[in-house]
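Data first, discussion second: the structure below is written as C-alpha cells.
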Amino acid sequence: IFLIWFIRNTIKFYHGEKRRVKNLHKFAKEGEVESQVELGKHYQKGKVVKKSCSTAAYWYNRAALSGDEEAKGYLEDFIKNKRGKKC
C-alpha cells in the first residue's frame, strides 16, 4: 500500500511541477521579472525542463534588461563562470 501511495504522490508532484513551469512561461512572456529569473534557474539546473545554457541566459537577460539586480548578478556569474563550458 505504501508503494502505491508513494508512486501516486510522486506522479502528482511531477505534474504539479510541470504545471508550475508552464505558468512561469506564461508570466515570464508577459514580462513578470520574478518569473523570468525563476525560469532562468530552472533551465540552468535542468529542473523539470531540459537543461539549456542558452535558454537560461535568455531569461536572465530579459530580467536584467527590466532592471532586476538579482538577474544581473546571475547573468554576470553565469557568463563569467560558464563561458565555453557546459551549464
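This is a predicted model, so every value here is computed, not measured.
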Please round to the nearest 0.5 Å and tell me the distance separating atom [atom1] of [X] and atom [atom2] of [Y].
X	Y	atom1	atom2	answer
E30	H25	CD	NE2	13.0 Å
S52	Y58	OG	OH	12.0 Å
E38	N23	CD	CG	13.0 Å
K22	F27	NZ	CZ	12.0 Å
H42	K47	NE2	NZ	5.0 Å

NZ/NE/NH1/NH2 to OD/OE distance under 4.0 Å, E70 and K41:
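Salt bridge: yes.
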Which heavy-atom pair separates [X] from [Y] by the least distance, and what is that distance?
X	Y	value
L75	A64	CD2-CB, 4.3 Å
A71	A63	CB-CB, 3.4 Å
K50	Y43	O-CD2, 3.4 Å
A28	S35	N-CB, 3.7 Å
Q44	Y60	OE1-OH, 2.8 Å

Tell me, yes or no, whether the heavy-atom count around E34 atom CD, taken from other residues, nucleotides or ligands under 6.0 Å, exceeds 12.
no
Pair K26-E32, side-chain contact (heavy atoms from CB on, under 4.5 Å): steps then yes or no:
CA-CA 9 Å; K26 176 185 172 191; E32 187 176 299; over 6 Å; no
Residue pair L39, V49: steps toward the side-chain contact (heavy atoms from CB on, under 4.5 Å) verdict
CA-CA 9 Å; L39 269 179; V49 294; 5.8 Å; no
For F6, which of T10, I4, N9 qualifies under side chain to side chain contact (heavy atoms under 4.5 Å, CB included)?
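Single pass found, and it is T10.
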Evaluate the side-chain proximity of E17 to K12: yes if any heavy-atom separation is below 4.5 Å, no if none is.
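Side chain of K12 against side chain of E17, heavy atoms only: no contact under 4.5 Å found.
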Should L3 and I11 be regarded as members of a common hydrophobic cluster, given that ILVMFWY residues are connected when their side-chain heavy atoms come within less than 4.5 Å of each other, either directly or indirectly?
yes
Determine, step by step, whether Y74 and V37 satisfy the side-chain contact (heavy atoms from CB on, under 4.5 Å) criterion, reporting the C-alpha distance in whole Å, the side-chain angles of both residues, the deciding distance to 0.1 Å, and the verdict.
CA-CA 9 Å; Y74 280 124; V37 174; 4.0 Å; yes
